[in-house]
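Have a look at the structure below, then the notes.
Proteins get letters first, then strands, A, B, ... in listed order; numbering begins at 1 in each. The structure displayed is predicted, hence computed values, not measured ones.
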Number of protein chains: 2
Amino acid sequence: MEPGQIDVVRRFNRAVTRRVGALSDEYLSRDRSLGLSRLLWEVEPDGSEVRVLRSRLALDSGYLSRQLRRLESDGLVTTDPDSDDGRVRKVRLTEAGVAERATLDLASDELAASILDPLTDGQRGHLVAAMTEVERLLLASQVRIEITDPRAPDARYCLRSYFEELQRRFDTGFNPTRSISASDDEMTLPNGLLLVATAQGTPVGCGALKLHAETRIADVKRMWTSPDTRGLGLGRRILERLADEATTRGMQTLRLETNRTLTEARHLYETAGFTQIEAFNDEQYAHHWFERNLER
Amino acid sequence: MEPGQIDVVRRFNRAVTRRVGALSDEYLSRDRSLGLSRLLWEVEPDGSEVRVLRSRLALDSGYLSRQLRRLESDGLVTTDPDSDDGRVRKVRLTEAGVAERATLDLASDELAASILDPLTDGQRGHLVAAMTEVERLLLASQVRIEITDPRAPDARYCLRSYFEELQRRFDTGFNPTRSISASDDEMTLPNGLLLVATAQGTPVGCGALKLHAETRIADVKRMWTSPDTRGLGLGRRILERLADEATTRGMQTLRLETNRTLTEARHLYETAGFTQIEAFNDEQYAHHWFERNLER
DNA sequence: TCCATTCTCTGACCGTCGTCAGAGAATGCT
DNA sequence: AGCATTCTCTGACGACGGTCAGAGAATGGA
């Protein structure tokens, strides 16, 4: 990393958090305190469970409870026991609460407008483009990749999304039972592993290995990235991490097969040290087979 | 303004203030509270006056006083009466205070690195470029232009900077007494006016008008922008604001003269509706004379 | 010399944020 | 049925951010 880059990021942090941050506090806390506004903002239109709010805002249960009482006494929300589980309580916006949220919405628009207004059209375009880029790359920098149990909820979500996407994109549709397996057991150490990438706690991608100790070959399976994080180099990061994990577990070769409709995946493999080889299995959904040597 | 732009700015505000903001709070408030860290940060190495700190951080005098006592009891600063004015007190960092600031500095670097680290080289370059752009344009959007008394400190600063720059840039140097005047009186209504542009309270540019009621001609004088805000379209904004002010005061024509070494100024005038005309005065430092019709 | 002003500090106060301990109700498991 | 667990709430407390009023010392101008 070049040293000047750190200075740029430092200056950016300082400038933006102080200026935009202070401004948004001013705009969003018309009369209500900032914490209350934020809470009001997080309540889903069709009701949120208290425990969900608590974990999302990372609040103490006692504190949150008091905040809710305050919003209730202002007539902005109601909380009733959940119909399924009597311990859980559900928070709903009242009519007044919906109205209050709309004014918050408006204030947020005004804040944005107050930044854009003084600029020329051209400057606005540049600013918006640069902001989009910063946001995208900040998101990318917050992605964490961890070995995850394939039975965990985040892993389940990724695998389900993966199958759904194949079903959509393959000419023939996709039926997992007719494809070569990668069962939960096969994706659990020591048989293999599953990497799940998360950003801000939400899963955004995955990739798995099936390890074959005898042949020292690892199969790459279940490579998937969520549509909103495409273009952030996330697939490449997962792939490199898979290669690392395979290497440290004594593998010599990575192998994988892919479908012709997944062009961006094929491009990734071709530029990540893989070479196309003869079919090494009879996966019926595959048109291309790749291999990469892990030794250097 | 396009509606989509507001959404981008809103998302950006939300994303950056929450993520970077929360992170920097975490990094910068190791054990000390955030307010104290910020205060420590603002103390100049060779001592700051209490009143300067108060105005810069916009703190209540009582509150600041207590904060200082706290830093004192931690052994990080000392406050002694100023030698010139016994009412004023000066805050100085102790050795421990300097050390503490260095650790804050380090924490700030770490925060920046934690954002850059997970990215590829290419992504880092893009992020840094986009952050620079956002910072520049946010600065531009915070510039306010106001009619200012030429005797006010901000105005004095701009005019002095203007003269210094001419002295530096003209082939012949610049001697105000040998140039056509624009005295304080001539830049005060109803004779004329001075616009001063400020960003975050610091002056960054100026421009003046001399109004001639009989001929309905206004002379543009003292056009200057600070070196760190060049390229933000600030000169153009000042010029357009001068045109507005002249129009609302019944003027029909803007006139100005400029030196051949000020190429960026000449380009500005040429693209802002001015046309070059014959010399209309004997300004000895001028090589080009321009005019713009204010009526449409 | 007198008086208004400037500057800093202390005392008193309030609301917000955040934490801890524990009570009470509902649930799930054995 | 018994018991551990989950979820929410109340009470109590403390640190922090922020404001107001006024005291006390120093200053500058009439």
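Annotation: proximity of residues 48-74 of chain A to DNA chain D (heavy atom, distance under 4.0 Å) is found for A:Val50, A:Arg51, A:Arg54, A:Ser61, A:Gly62, A:Ser65, A:Arg66, A:Arg69, numbered in ascending order.
Side-chain contact check for A:Arg144 and A:Thr198: no donor-acceptor pair (N or O, by modelled atom type) lies under 3.5 Å.
For the helix from C:dT1-D:dA30 to C:dT30-D:dA1, the axis fitted to the five pairs at one end and the axis fitted to the five pairs at the other end meet at an angle of 10° (nearest 10 degrees).
The CZ atom of B:Arg51 lies 13.0 Å from the CZ atom of B:Arg56; values are rounded to the nearest 0.5 Å. In this structure, B:Ile145 CD1 and B:Arg237 CZ are separated by 4.5 Å, a value rounded to the nearest 0.5 Å.
A donor-acceptor contact shorter than 3.5 Å is absent between the side chain of B:Ser65 and the backbone of B:Ser61. A:Arg124 places a side-chain N or O within donor-acceptor distance of the main-chain N or O of A:Asp117, the cut-off being under 3.5 Å. Side-chain atoms of A:Arg222 do not come within 3.5 Å of backbone N or O of A:Leu194 as any donor-acceptor pair. Of the possible polar contacts, none joining the A:Ser108 side chain to the A:Leu104 backbone as a donor-acceptor pair under 3.5 Å is found.
A salt bridge links A:Arg156 to A:Asp184: at least one charged side-chain nitrogen sits closer than 4.0 Å to a carboxylate oxygen. Salt bridge annotation for A:Glu186-A:Lys210: present, with a cationic side-chain nitrogen under 4.0 angstrom from a carboxylate oxygen.
Contact footprint of chain A on DNA chain C: nucleotides with an atom under 4.0 Å from a non-hydrogen protein atom, first to last in 5' to 3' order, C:dT16 to C:dT27.
Nearest heavy-atom pair across A:Arg101 and A:Val43 is NH1-O, 2.6 Å.
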